[in-house]
Amino acid sequence: MRAPLVAAVVLVAAGCGAAGDGGTGGDGTELTVFAAASLAGPFEQVAETFEAEHEGVRVRLSLAGSSDLVAQVEAGAPADVLATADEETMQRLVDADLADGDPVPFAANRLQLAVPPGNPAGVRSLADLARPGLALVLCAPEVPCGAASARLAGAAGVTLSPVSEERSVTDVLAKVTSGEADAGLVYATDVLAAGDAVEGIALADEGVAPNVYPVVPVAGADEPGLAADFVALLTGPTGQRALADAGFLPARGGR
Amino acid sequence: MRRPAAAHVGVPRWLYLPALLGAGVVLLPLVALLLRTPWADFWGLVTSEASRDALGLSLRTATASTVVCVLLGTPMAVVLARTDFRGQGLLRALVLLPLVLPPVVGGIALLYTFGRRGLLGRTFEVLGVQVAFSTTAVVLAQVFVALPFLVVSLEGALRSAGQRYEVVAASLGARPTTVLRRVTLPLVLPGLVSGAVLAFARSLGEFGATLTFAGSLQGVTRTLPLEIYLRRETDADAAVALSLVLVAVAVLVVGLTRQAGRAR
(Lines give C-alpha, C1' and ligand atoms only; values in the text may rest on other atoms or scores of the structure.)
Protein backbone atom coordinates (compact mmCIF):
# COMPACT_ATOMS: atom_id res chain seq x y z
CA MET A 1 0.00 0.00 0.00
CA ARG A 2 2.79 2.38 0.95
CA ALA A 3 5.01 1.86 -2.08
CA PRO A 4 2.46 3.09 -4.67
CA LEU A 5 1.70 6.09 -2.44
CA VAL A 6 5.37 7.06 -2.30
CA ALA A 7 5.67 6.58 -6.05
CA ALA A 8 2.67 8.84 -6.60
CA VAL A 9 4.13 11.58 -4.38
CA VAL A 10 7.46 11.36 -6.20
CA LEU A 11 5.69 11.56 -9.57
CA VAL A 12 3.67 14.60 -8.55
CA ALA A 13 6.78 16.32 -7.21
CA ALA A 14 8.68 15.54 -10.41
CA GLY A 15 5.80 16.88 -12.48
CA CYS A 16 5.80 20.15 -10.52
CA GLY A 17 9.54 20.46 -10.98
CA ALA A 18 9.31 20.00 -14.72
CA ALA A 19 6.55 22.60 -14.98
CA GLY A 20 8.62 25.04 -12.92
CA ASP A 21 11.65 24.61 -15.19
CA GLY A 22 9.70 25.20 -18.36
CA GLY A 23 8.67 28.78 -17.65
CA THR A 24 10.62 30.16 -20.61
CA GLY A 25 7.90 29.60 -23.17
CA GLY A 26 5.21 31.45 -21.19
CA ASP A 27 3.15 30.49 -18.17
CA GLY A 28 1.68 27.27 -19.57
CA THR A 29 3.75 24.59 -21.25
CA GLU A 30 1.37 22.93 -23.68
CA LEU A 31 0.51 23.89 -27.25
CA THR A 32 -2.47 22.06 -28.74
CA VAL A 33 -2.38 21.67 -32.53
CA PHE A 34 -5.41 20.36 -34.44
CA ALA A 35 -4.41 19.06 -37.87
CA ALA A 36 -5.97 17.16 -40.77
CA ALA A 37 -5.17 13.45 -40.58
CA SER A 38 -3.10 13.51 -43.79
CA LEU A 39 -0.61 15.84 -42.07
CA ALA A 40 0.36 13.29 -39.38
CA GLY A 41 3.93 12.54 -40.53
CA PRO A 42 5.28 16.04 -41.24
CA PHE A 43 3.47 17.59 -38.25
CA GLU A 44 5.10 15.11 -35.86
CA GLN A 45 8.49 16.24 -37.20
CA VAL A 46 7.63 19.93 -36.93
CA ALA A 47 6.31 19.40 -33.40
CA GLU A 48 9.57 17.72 -32.41
CA THR A 49 11.63 20.64 -33.76
CA PHE A 50 9.30 23.09 -32.05
CA GLU A 51 9.74 21.36 -28.69
CA ALA A 52 13.52 21.41 -29.14
CA GLU A 53 13.45 25.15 -29.89
CA HIS A 54 11.05 26.01 -27.05
CA GLU A 55 12.34 24.48 -23.86
CA GLY A 56 9.64 23.14 -21.57
CA VAL A 57 6.89 23.38 -24.17
CA ARG A 58 5.04 20.22 -25.13
CA VAL A 59 3.10 20.05 -28.40
CA ARG A 60 -0.09 18.00 -28.32
CA LEU A 61 -1.22 16.89 -31.79
CA SER A 62 -4.86 16.04 -32.40
CA LEU A 63 -5.30 14.46 -35.84
CA ALA A 64 -8.72 13.89 -37.44
CA GLY A 65 -10.81 14.78 -40.48
CA SER A 66 -10.84 18.53 -41.15
CA SER A 67 -14.63 18.82 -40.76
CA ASP A 68 -14.57 17.05 -37.42
CA LEU A 69 -11.76 19.31 -36.20
CA VAL A 70 -13.62 22.51 -37.12
CA ALA A 71 -16.77 21.16 -35.43
CA GLN A 72 -14.72 20.40 -32.29
CA VAL A 73 -13.23 23.93 -32.18
CA GLU A 74 -16.71 25.41 -32.67
CA ALA A 75 -17.86 23.32 -29.71
CA GLY A 76 -15.11 24.83 -27.56
CA ALA A 77 -12.26 22.31 -27.83
CA PRO A 78 -9.04 23.88 -26.49
CA ALA A 79 -7.04 24.21 -29.74
CA ASP A 80 -4.26 26.79 -30.23
CA VAL A 81 -3.59 26.08 -33.92
CA LEU A 82 -5.77 24.56 -36.64
CA ALA A 83 -4.59 23.19 -40.00
CA THR A 84 -7.19 21.83 -42.47
CA ALA A 85 -6.94 19.89 -45.72
CA ASP A 86 -8.82 22.45 -47.80
CA GLU A 87 -9.78 26.12 -47.80
CA GLU A 88 -13.55 25.50 -47.86
CA THR A 89 -13.40 23.78 -44.48
CA MET A 90 -11.14 26.49 -43.04
CA GLN A 91 -13.65 29.10 -44.19
CA ARG A 92 -16.15 27.62 -41.70
CA LEU A 93 -13.79 28.52 -38.85
CA VAL A 94 -13.31 32.03 -40.26
CA ASP A 95 -17.08 32.47 -40.62
CA ALA A 96 -17.51 31.47 -36.97
CA ASP A 97 -15.05 34.26 -35.96
CA LEU A 98 -12.73 31.67 -34.46
CA ALA A 99 -9.65 32.39 -36.62
CA ASP A 100 -7.02 34.75 -35.20
CA GLY A 101 -6.03 36.58 -38.38
CA ASP A 102 -6.10 35.29 -41.95
CA PRO A 103 -5.36 31.59 -42.56
CA VAL A 104 -1.98 31.03 -44.24
CA PRO A 105 -1.66 28.46 -47.06
CA PHE A 106 1.33 26.23 -46.24
CA ALA A 107 1.07 23.16 -48.49
CA ALA A 108 -0.81 21.66 -51.43
CA ASN A 109 -1.72 18.13 -52.42
CA ARG A 110 -2.62 16.51 -55.72
CA LEU A 111 -4.76 13.51 -56.47
CA GLN A 112 -3.04 10.38 -57.66
CA LEU A 113 -4.27 7.07 -58.88
CA ALA A 114 -3.65 4.27 -56.39
CA VAL A 115 -3.68 0.67 -57.68
CA PRO A 116 -2.83 -2.65 -56.01
CA PRO A 117 0.81 -3.78 -56.47
CA GLY A 118 1.33 -5.03 -60.03
CA ASN A 119 -1.65 -3.01 -61.28
CA PRO A 120 -3.75 -6.11 -62.13
CA ALA A 121 -6.36 -4.11 -64.05
CA GLY A 122 -3.72 -2.28 -66.09
CA VAL A 123 -5.00 1.20 -65.34
CA ARG A 124 -2.83 3.99 -66.76
CA SER A 125 -4.88 7.18 -66.95
CA LEU A 126 -8.04 8.91 -65.81
CA ALA A 127 -9.77 7.80 -69.03
CA ASP A 128 -9.08 4.13 -68.14
CA LEU A 129 -11.21 4.59 -65.02
CA ALA A 130 -14.37 4.83 -67.10
CA ARG A 131 -13.85 1.27 -68.38
CA PRO A 132 -16.88 -0.93 -67.67
CA GLY A 133 -16.34 -3.67 -65.11
CA LEU A 134 -13.51 -1.81 -63.37
CA ALA A 135 -13.86 -1.71 -59.57
CA LEU A 136 -13.17 1.97 -58.90
CA VAL A 137 -13.43 3.42 -55.39
CA LEU A 138 -13.63 7.17 -54.73
CA CYS A 139 -14.25 9.50 -51.82
CA ALA A 140 -17.89 10.62 -51.54
CA PRO A 141 -18.53 14.07 -53.08
CA GLU A 142 -19.44 15.32 -49.59
CA VAL A 143 -15.81 15.13 -48.36
CA PRO A 144 -12.86 17.21 -49.67
CA CYS A 145 -11.07 14.39 -51.51
CA GLY A 146 -14.34 13.44 -53.23
CA ALA A 147 -15.00 17.03 -54.27
CA ALA A 148 -11.46 17.17 -55.70
CA SER A 149 -12.01 13.89 -57.58
CA ALA A 150 -15.24 15.23 -59.09
CA ARG A 151 -13.49 18.45 -60.18
CA LEU A 152 -10.69 16.49 -61.83
CA ALA A 153 -13.04 14.11 -63.65
CA GLY A 154 -15.21 17.04 -64.73
CA ALA A 155 -12.24 18.92 -66.14
CA ALA A 156 -11.06 15.83 -68.02
CA GLY A 157 -14.57 15.15 -69.34
CA VAL A 158 -14.57 11.63 -67.89
CA THR A 159 -17.68 10.15 -66.29
CA LEU A 160 -16.72 8.00 -63.31
CA SER A 161 -19.04 5.36 -61.89
CA PRO A 162 -17.43 4.07 -58.69
CA VAL A 163 -18.49 0.84 -57.00
CA SER A 164 -18.15 2.60 -53.66
CA GLU A 165 -17.97 6.17 -52.34
CA GLU A 166 -16.07 6.25 -49.06
CA ARG A 167 -16.05 8.89 -46.34
CA SER A 168 -12.30 9.30 -46.14
CA VAL A 169 -9.15 8.89 -48.19
CA THR A 170 -7.93 6.19 -45.80
CA ASP A 171 -11.06 4.12 -46.48
CA VAL A 172 -10.39 4.38 -50.23
CA LEU A 173 -6.78 3.35 -49.69
CA ALA A 174 -7.84 0.36 -47.57
CA LYS A 175 -10.08 -0.92 -50.39
CA VAL A 176 -7.11 -0.72 -52.78
CA THR A 177 -4.51 -2.27 -50.46
CA SER A 178 -6.85 -5.20 -49.74
CA GLY A 179 -7.21 -5.78 -53.48
CA GLU A 180 -10.99 -5.35 -53.42
CA ALA A 181 -10.75 -2.31 -55.70
CA ASP A 182 -8.85 -2.13 -58.99
CA ALA A 183 -8.14 1.57 -58.52
CA GLY A 184 -8.86 4.52 -56.26
CA LEU A 185 -8.27 8.26 -56.32
CA VAL A 186 -6.30 9.42 -53.28
CA TYR A 187 -3.77 12.13 -52.48
CA ALA A 188 -0.17 11.77 -53.63
CA THR A 189 0.94 11.90 -49.98
CA ASP A 190 -1.30 8.93 -49.12
CA VAL A 191 0.33 6.84 -51.82
CA LEU A 192 3.78 7.75 -50.48
CA ALA A 193 2.75 6.95 -46.88
CA ALA A 194 1.27 3.58 -47.91
CA GLY A 195 4.71 2.39 -49.11
CA ASP A 196 4.73 -0.90 -51.01
CA ALA A 197 1.06 -1.65 -50.30
CA VAL A 198 -0.06 0.34 -53.35
CA GLU A 199 1.36 1.71 -56.58
CA GLY A 200 0.82 5.36 -57.42
CA ILE A 201 0.18 6.65 -60.91
CA ALA A 202 0.58 10.40 -61.44
CA LEU A 203 -2.24 12.04 -63.40
CA ALA A 204 -2.31 15.01 -65.74
CA ASP A 205 -3.62 17.99 -63.75
CA GLU A 206 -6.22 18.90 -66.42
CA GLY A 207 -5.81 22.54 -65.37
CA VAL A 208 -7.34 21.85 -61.95
CA ALA A 209 -5.62 23.59 -59.03
CA PRO A 210 -4.35 21.33 -56.25
CA ASN A 211 -5.94 21.20 -52.78
CA VAL A 212 -4.46 23.95 -50.61
CA TYR A 213 -3.86 23.38 -46.87
CA PRO A 214 -4.29 26.51 -44.71
CA VAL A 215 -3.21 27.00 -41.07
CA VAL A 216 -4.28 29.63 -38.53
CA PRO A 217 -3.97 30.34 -34.79
CA VAL A 218 -7.33 29.84 -33.12
CA ALA A 219 -8.92 32.97 -31.65
CA GLY A 220 -8.83 33.02 -27.86
CA ALA A 221 -6.01 30.45 -27.75
CA ASP A 222 -4.32 29.87 -24.39
CA GLU A 223 -0.91 30.34 -26.02
CA PRO A 224 -1.25 32.98 -28.78
CA GLY A 225 2.51 33.67 -28.86
CA LEU A 226 3.44 30.00 -29.17
CA ALA A 227 0.68 29.48 -31.75
CA ALA A 228 2.16 32.21 -33.95
CA ASP A 229 5.63 30.67 -33.49
CA PHE A 230 4.29 27.28 -34.62
CA VAL A 231 2.72 28.76 -37.76
CA ALA A 232 6.02 30.54 -38.51
CA LEU A 233 8.00 27.30 -38.10
CA LEU A 234 5.54 25.46 -40.36
CA THR A 235 5.69 28.03 -43.15
CA GLY A 236 9.46 28.42 -42.72
CA PRO A 237 12.20 26.18 -44.15
CA THR A 238 11.88 23.47 -41.43
CA GLY A 239 8.19 22.94 -41.97
CA GLN A 240 8.39 23.16 -45.75
CA ARG A 241 11.18 20.56 -45.89
CA ALA A 242 9.21 18.12 -43.71
CA LEU A 243 6.13 18.60 -45.90
CA ALA A 244 8.09 18.18 -49.14
CA ASP A 245 9.62 14.93 -47.80
CA ALA A 246 6.10 13.61 -47.22
CA GLY A 247 5.11 14.40 -50.81
CA PHE A 248 3.31 17.70 -50.30
CA LEU A 249 3.67 20.48 -52.86
CA PRO A 250 4.49 24.07 -51.91
CA ALA A 251 1.34 26.13 -51.33
CA ARG A 252 2.00 28.67 -54.05
CA GLY A 253 3.48 28.39 -57.52
CA GLY A 254 3.69 24.60 -57.20
CA ARG A 255 2.46 22.27 -59.83
CA MET B 1 -44.47 -16.00 -15.88
CA ARG B 2 -45.95 -16.73 -12.40
CA ARG B 3 -44.44 -14.88 -9.46
CA PRO B 4 -44.25 -16.41 -5.99
CA ALA B 5 -46.36 -14.44 -3.50
CA ALA B 6 -43.43 -14.01 -1.15
CA ALA B 7 -43.14 -11.12 1.30
CA HIS B 8 -41.84 -7.94 -0.31
CA VAL B 9 -38.26 -7.05 0.60
CA GLY B 10 -37.36 -3.41 0.03
CA VAL B 11 -34.12 -2.27 -1.60
CA PRO B 12 -31.71 -0.03 0.29
CA ARG B 13 -32.59 3.58 -0.32
CA TRP B 14 -29.06 4.64 -1.40
CA LEU B 15 -29.42 2.31 -4.38
CA TYR B 16 -31.78 4.75 -6.11
CA LEU B 17 -29.10 7.36 -6.70
CA PRO B 18 -26.72 5.25 -8.86
CA ALA B 19 -29.76 3.63 -10.48
CA LEU B 20 -31.10 7.03 -11.51
CA LEU B 21 -27.65 8.07 -12.68
CA GLY B 22 -27.47 4.94 -14.83
CA ALA B 23 -30.87 5.68 -16.36
CA GLY B 24 -29.68 9.22 -17.05
CA VAL B 25 -26.59 7.97 -18.90
CA VAL B 26 -28.85 6.02 -21.25
CA LEU B 27 -31.73 8.47 -21.61
CA LEU B 28 -30.02 11.87 -21.60
CA PRO B 29 -28.29 11.41 -25.00
CA LEU B 30 -31.65 10.41 -26.51
CA VAL B 31 -33.22 13.57 -25.08
CA ALA B 32 -30.33 15.61 -26.49
CA LEU B 33 -30.94 14.05 -29.91
CA LEU B 34 -34.62 14.95 -29.69
CA LEU B 35 -33.82 18.55 -28.70
CA ARG B 36 -31.38 18.89 -31.60
CA THR B 37 -33.83 17.50 -34.19
CA PRO B 38 -34.73 20.06 -36.87
CA TRP B 39 -38.47 19.50 -36.68
CA ALA B 40 -39.32 22.19 -39.26
CA ASP B 41 -37.41 20.40 -42.05
CA PHE B 42 -37.74 16.92 -40.58
CA TRP B 43 -40.05 15.49 -43.24
CA GLY B 44 -38.06 16.96 -46.11
CA LEU B 45 -34.78 15.62 -44.71
CA VAL B 46 -35.97 12.06 -44.14
CA THR B 47 -37.77 11.85 -47.50
CA SER B 48 -34.96 13.18 -49.72
CA GLU B 49 -33.89 10.79 -52.48
CA ALA B 50 -30.69 9.73 -50.70
CA SER B 51 -32.59 9.18 -47.44
CA ARG B 52 -35.31 7.12 -49.12
CA ASP B 53 -32.71 5.02 -50.94
CA ALA B 54 -30.86 4.38 -47.69
CA LEU B 55 -34.02 3.56 -45.69
CA GLY B 56 -35.34 1.29 -48.46
CA LEU B 57 -32.03 -0.53 -48.75
CA SER B 58 -31.81 -0.91 -44.97
CA LEU B 59 -35.30 -2.39 -44.73
CA ARG B 60 -34.75 -4.74 -47.69
CA THR B 61 -31.35 -6.02 -46.52
CA ALA B 62 -32.42 -6.35 -42.87
CA THR B 63 -35.48 -8.37 -43.96
CA ALA B 64 -33.35 -10.64 -46.17
CA SER B 65 -30.82 -11.09 -43.34
CA THR B 66 -33.58 -11.96 -40.88
CA VAL B 67 -34.94 -14.64 -43.24
CA VAL B 68 -31.45 -16.13 -43.62
CA CYS B 69 -30.95 -15.97 -39.84
CA VAL B 70 -34.23 -17.85 -39.22
CA LEU B 71 -33.41 -20.49 -41.86
CA LEU B 72 -29.89 -21.11 -40.53
CA GLY B 73 -30.29 -20.12 -36.89
CA THR B 74 -33.30 -22.29 -36.05
CA PRO B 75 -31.49 -25.56 -36.93
CA MET B 76 -28.43 -24.31 -35.05
CA ALA B 77 -30.46 -23.54 -31.93
CA VAL B 78 -32.26 -26.93 -32.06
CA VAL B 79 -28.98 -28.83 -32.45
CA LEU B 80 -27.37 -26.87 -29.62
CA ALA B 81 -30.37 -27.26 -27.27
CA ARG B 82 -31.43 -30.84 -28.01
CA THR B 83 -28.22 -32.76 -28.63
CA ASP B 84 -25.15 -33.56 -26.62
CA PHE B 85 -21.76 -34.05 -28.18
CA ARG B 86 -18.13 -33.54 -27.33
CA GLY B 87 -16.98 -29.96 -27.75
CA GLN B 88 -20.50 -28.60 -27.87
CA GLY B 89 -19.74 -25.97 -25.26
CA LEU B 90 -16.74 -24.75 -27.22
CA LEU B 91 -18.70 -24.76 -30.48
CA ARG B 92 -21.47 -22.71 -28.90
CA ALA B 93 -18.98 -20.16 -27.56
CA LEU B 94 -17.33 -19.83 -30.98
CA VAL B 95 -20.60 -19.52 -32.87
CA LEU B 96 -21.73 -16.76 -30.51
CA LEU B 97 -18.44 -14.88 -30.91
CA PRO B 98 -19.84 -12.15 -33.23
CA LEU B 99 -22.00 -11.09 -30.28
CA VAL B 100 -18.95 -9.67 -28.52
CA LEU B 101 -16.66 -9.10 -31.50
CA PRO B 102 -16.19 -5.50 -32.70
CA PRO B 103 -18.12 -5.36 -36.02
CA VAL B 104 -15.13 -3.86 -37.85
CA VAL B 105 -13.19 -7.02 -36.98
CA GLY B 106 -16.07 -9.03 -38.43
CA GLY B 107 -15.82 -6.91 -41.57
CA ILE B 108 -12.12 -7.65 -41.97
CA ALA B 109 -12.75 -11.37 -41.39
CA LEU B 110 -15.52 -11.35 -44.02
CA LEU B 111 -13.19 -9.56 -46.44
CA TYR B 112 -10.66 -12.38 -46.12
CA THR B 113 -13.42 -14.95 -46.66
CA PHE B 114 -15.63 -13.55 -49.41
CA GLY B 115 -13.41 -10.78 -50.79
CA ARG B 116 -11.78 -11.06 -54.20
CA ARG B 117 -8.57 -12.40 -52.69
CA GLY B 118 -10.40 -14.20 -49.88
CA LEU B 119 -10.79 -17.86 -49.01
CA LEU B 120 -13.94 -18.30 -51.12
CA GLY B 121 -13.54 -15.25 -53.36
CA ARG B 122 -11.99 -17.23 -56.21
CA THR B 123 -14.76 -19.80 -56.10
CA PHE B 124 -17.38 -17.09 -56.32
CA GLU B 125 -15.54 -15.40 -59.19
CA VAL B 126 -15.51 -18.67 -61.15
CA LEU B 127 -19.24 -18.97 -60.55
CA GLY B 128 -19.62 -15.43 -61.88
CA VAL B 129 -20.78 -14.04 -58.55
CA GLN B 130 -19.18 -10.78 -57.46
CA VAL B 131 -19.71 -10.35 -53.73
CA ALA B 132 -17.52 -7.29 -53.12
CA PHE B 133 -19.37 -3.95 -53.24
CA SER B 134 -22.74 -5.64 -53.82
CA THR B 135 -25.94 -5.72 -51.81
CA THR B 136 -25.16 -9.40 -51.15
CA ALA B 137 -22.12 -8.24 -49.18
CA VAL B 138 -24.36 -6.05 -47.01
CA VAL B 139 -26.64 -9.02 -46.26
CA LEU B 140 -23.63 -11.25 -45.48
CA ALA B 141 -22.27 -8.69 -43.02
CA GLN B 142 -25.68 -8.37 -41.35
CA VAL B 143 -26.17 -12.14 -41.09
CA PHE B 144 -22.71 -12.49 -39.55
CA VAL B 145 -23.49 -10.08 -36.71
CA ALA B 146 -27.20 -10.90 -36.24
CA LEU B 147 -27.24 -14.71 -36.35
CA PRO B 148 -26.02 -15.19 -32.74
CA PHE B 149 -28.89 -13.05 -31.44
CA LEU B 150 -31.42 -15.43 -32.94
CA VAL B 151 -29.55 -18.55 -31.81
CA VAL B 152 -29.16 -17.35 -28.19
CA SER B 153 -32.78 -16.28 -27.95
CA LEU B 154 -34.19 -19.47 -29.49
CA GLU B 155 -31.88 -21.85 -27.64
CA GLY B 156 -32.94 -20.27 -24.35
CA ALA B 157 -36.60 -20.72 -25.28
CA LEU B 158 -36.00 -24.36 -26.27
CA ARG B 159 -34.26 -25.15 -23.00
CA SER B 160 -36.87 -23.51 -20.79
CA ALA B 161 -39.71 -25.21 -22.75
CA GLY B 162 -38.23 -28.60 -21.87
CA GLN B 163 -38.81 -31.90 -23.67
CA ARG B 164 -41.92 -33.26 -21.92
CA TYR B 165 -44.33 -32.77 -24.82
CA GLU B 166 -41.77 -33.96 -27.34
CA VAL B 167 -41.32 -37.18 -25.38
CA VAL B 168 -45.08 -37.72 -25.26
CA ALA B 169 -45.46 -37.06 -28.99
CA ALA B 170 -42.64 -39.46 -29.81
CA SER B 171 -44.11 -42.16 -27.55
CA LEU B 172 -47.36 -41.81 -29.50
CA GLY B 173 -45.46 -42.66 -32.67
CA ALA B 174 -44.58 -39.25 -34.10
CA ARG B 175 -41.41 -39.18 -36.21
CA PRO B 176 -38.66 -36.64 -35.27
CA THR B 177 -39.60 -34.30 -38.15
CA THR B 178 -43.25 -34.36 -37.09
CA VAL B 179 -42.28 -33.68 -33.45
CA LEU B 180 -40.16 -30.73 -34.54
CA ARG B 181 -42.88 -29.33 -36.82
CA ARG B 182 -45.97 -29.99 -34.72
CA VAL B 183 -44.68 -29.77 -31.14
CA THR B 184 -41.28 -28.12 -30.69
CA LEU B 185 -41.54 -25.15 -33.05
CA PRO B 186 -45.11 -24.10 -32.09
CA LEU B 187 -44.06 -24.29 -28.44
CA VAL B 188 -41.11 -21.93 -28.87
CA LEU B 189 -42.71 -19.67 -31.47
CA PRO B 190 -42.64 -16.59 -29.16
CA GLY B 191 -38.92 -17.16 -28.60
CA LEU B 192 -38.37 -17.51 -32.34
CA VAL B 193 -40.31 -14.30 -33.02
CA SER B 194 -38.41 -12.27 -30.44
CA GLY B 195 -35.13 -13.71 -31.72
CA ALA B 196 -36.06 -12.76 -35.28
CA VAL B 197 -37.02 -9.23 -34.20
CA LEU B 198 -33.69 -8.85 -32.39
CA ALA B 199 -31.82 -10.13 -35.46
CA PHE B 200 -33.74 -7.65 -37.62
CA ALA B 201 -32.84 -4.78 -35.28
CA ARG B 202 -29.19 -5.77 -35.19
CA SER B 203 -29.14 -6.01 -39.00
CA LEU B 204 -30.73 -2.60 -39.33
CA GLY B 205 -28.08 -1.06 -37.09
CA GLU B 206 -25.13 -2.86 -38.72
CA PHE B 207 -22.39 -0.38 -39.55
CA GLY B 208 -18.79 -1.42 -38.93
CA ALA B 209 -18.77 -4.70 -40.84
CA THR B 210 -20.74 -3.20 -43.74
CA LEU B 211 -18.41 -0.21 -44.07
CA THR B 212 -15.32 -2.41 -43.99
CA PHE B 213 -16.60 -5.20 -46.19
CA ALA B 214 -19.30 -3.86 -48.52
CA GLY B 215 -18.33 -0.24 -49.20
CA SER B 216 -20.75 2.65 -49.53
CA LEU B 217 -22.76 3.46 -52.66
CA GLN B 218 -26.21 5.04 -52.76
CA GLY B 219 -28.94 2.48 -53.37
CA VAL B 220 -26.52 -0.48 -53.47
CA THR B 221 -24.56 -0.68 -50.22
CA ARG B 222 -25.18 2.60 -48.38
CA THR B 223 -27.60 1.61 -45.64
CA LEU B 224 -29.12 4.10 -43.20
CA PRO B 225 -26.27 4.00 -40.63
CA LEU B 226 -23.71 4.58 -43.41
CA GLU B 227 -25.80 7.44 -44.81
CA ILE B 228 -25.88 9.04 -41.35
CA TYR B 229 -22.11 8.65 -41.03
CA LEU B 230 -21.54 10.32 -44.42
CA ARG B 231 -24.07 13.12 -43.97
CA ARG B 232 -22.60 14.11 -40.62
CA GLU B 233 -19.73 15.57 -42.65
CA THR B 234 -21.77 18.23 -44.47
CA ASP B 235 -25.36 18.13 -43.31
CA ALA B 236 -25.63 17.60 -39.56
CA ASP B 237 -29.40 18.28 -39.59
CA ALA B 238 -30.03 15.41 -41.99
CA ALA B 239 -27.81 13.11 -39.91
CA VAL B 240 -29.79 13.94 -36.76
CA ALA B 241 -33.16 13.50 -38.50
CA LEU B 242 -32.13 10.10 -39.89
CA SER B 243 -30.74 9.09 -36.49
CA LEU B 244 -34.14 9.77 -35.01
CA VAL B 245 -35.72 7.45 -37.61
CA LEU B 246 -33.43 4.65 -36.40
CA VAL B 247 -34.25 5.45 -32.76
CA ALA B 248 -37.96 5.21 -33.59
CA VAL B 249 -37.43 1.81 -35.24
CA ALA B 250 -35.43 0.66 -32.20
CA VAL B 251 -38.22 1.73 -29.83
CA LEU B 252 -40.71 -0.16 -31.99
CA VAL B 253 -38.50 -3.28 -31.90
CA VAL B 254 -38.13 -3.15 -28.11
CA GLY B 255 -41.91 -2.83 -27.82
CA LEU B 256 -42.45 -5.82 -30.10
CA THR B 257 -40.00 -8.06 -28.23
CA ARG B 258 -41.67 -7.14 -24.94
CA GLN B 259 -45.01 -8.16 -26.43
CA ALA B 260 -43.53 -11.44 -27.64
CA GLY B 261 -41.99 -11.98 -24.21
CA ARG B 262 -45.36 -11.49 -22.49
CA ALA B 263 -47.11 -13.89 -24.83
CA ARG B 264 -44.73 -16.62 -23.71
Side-chain angles (χ1 to χ4, degrees), chain A residues 36-37 64-72 74-75 84-86 88-89 91-92 96 115-118 120-121 132-147 150 160-184 197, chain B residues 32 36 48 50-51 53-54 57 104 107-119 121-122 124-125 128 130-138 140-141 207-208 210-223 225-240:
Chain A
S66 300
S67 273
D68 285 341
L69 292 175
V70 171
Q72 284 170 16
E74 282 175 344
T84 60
D86 68 355
E88 289 82 356
T89 313
Q91 191 57 39
R92 280 167 42 198
V115 297
L134 185 94
L136 170 70
V137 176
L138 300 177
C139 285
E142 283 87 346
V143 296
C145 57
L160 301 178
S161 42
V163 293
S164 183
E165 294 172 343
E166 306 286 332
R167 188 175 182 265
S168 74
V169 134
T170 44
D171 286 337
V172 175
L173 207 58
K175 297 284 192 288
V176 177
T177 53
S178 67
E180 290 305 302
D182 295 320
Chain B
R36 184 66 184 69
S48 74
S51 302
D53 277 356
L57 181 70
V104 60
I108 292 174
L110 286 168
L111 202 58
Y112 289 129
T113 314
F114 299 103
R116 273 169 150 192
R117 295 185 187 167
L119 219 51
R122 288 275 149 74
F124 278 111
E125 210 147 308
Q130 177 76 266
V131 178
F133 305 117
S134 70
T135 307
T136 312
V138 178
L140 268 173
F207 172 71
T210 310
L211 192 70
T212 317
F213 173 53
S216 173
L217 190 69
Q218 184 175 339
V220 180
T221 50
R222 191 176 294 152
T223 55
L226 270 69
E227 178 73 23
I228 291 170
Y229 178 62
L230 178 67
R231 287 283 191 93
R232 205 173 59 87
E233 181 84 18
T234 46
D235 190 354
D237 280 354
V240 171

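The chains referred to below are lettered A, B, ... by the order of the sequence lines, with proteins before strands, and numbering in each begins at 1.
The CD atom of A/E142 sits 4.0 Å away from atom CG of B/L230, with the distance rounded to the nearest 0.5 Å. Atom-to-atom distance recorded for B/L211:CG and A/S164:OG is 8.0 Å, nearest 0.5 angstrom. Here B/R222 contributes atom CZ and A/E166 contributes atom CD; the two are 9.0 Å apart, rounded to the nearest 0.5 Å.
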> Can you list the steps and then say if A/E180 with B/F213 is a side-chain contact (heavy atoms from CB on, under 4.5 Å)?
Replying inline: CA-CA 9 Å; A/E180 290 305 302; B/F213 173 53; 5.9 Å; no
> B/R116 and A/D182: side-chain contact (heavy atoms from CB on, under 4.5 Å), yes or no, with the steps?
Replying inline: CA-CA 11 Å; B/R116 273 169 150 192; A/D182 295 320; 2.8 Å; yes
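Neither the backbone nor the side chain of B/Y112 comes within less than 4.5 Å of any heavy atom of chain A. Contact annotation for A/P141: neither backbone nor side-chain heavy atoms come within less than 4.5 Å of a heavy atom of chain B. For B/S134, no part sits under 4.5 Å from any heavy atom of chain A, backbone or side chain.
For the set B/G115, B/S216, B/G118, the entry with the most heavy-atom pairs within less than 4.5 Å of chain A is B/S216. Of the listed residues (B/L111, B/T221, B/D235), the greatest number of heavy-atom pairs within a distance under 4.5 Å of chain A belongs to B/L111.
For the pair A/E165 (side chain) and B/Q218 (backbone), a donor-acceptor distance under 3.5 Å is absent.
You'll find the side chain of B/R117 reaches within 4.5 Å of the side chain of A/P116, heavy atoms only.
Closest of all the heavy-atom pairs between A/K175 and B/T212 is NZ-O, 3.4 Å.
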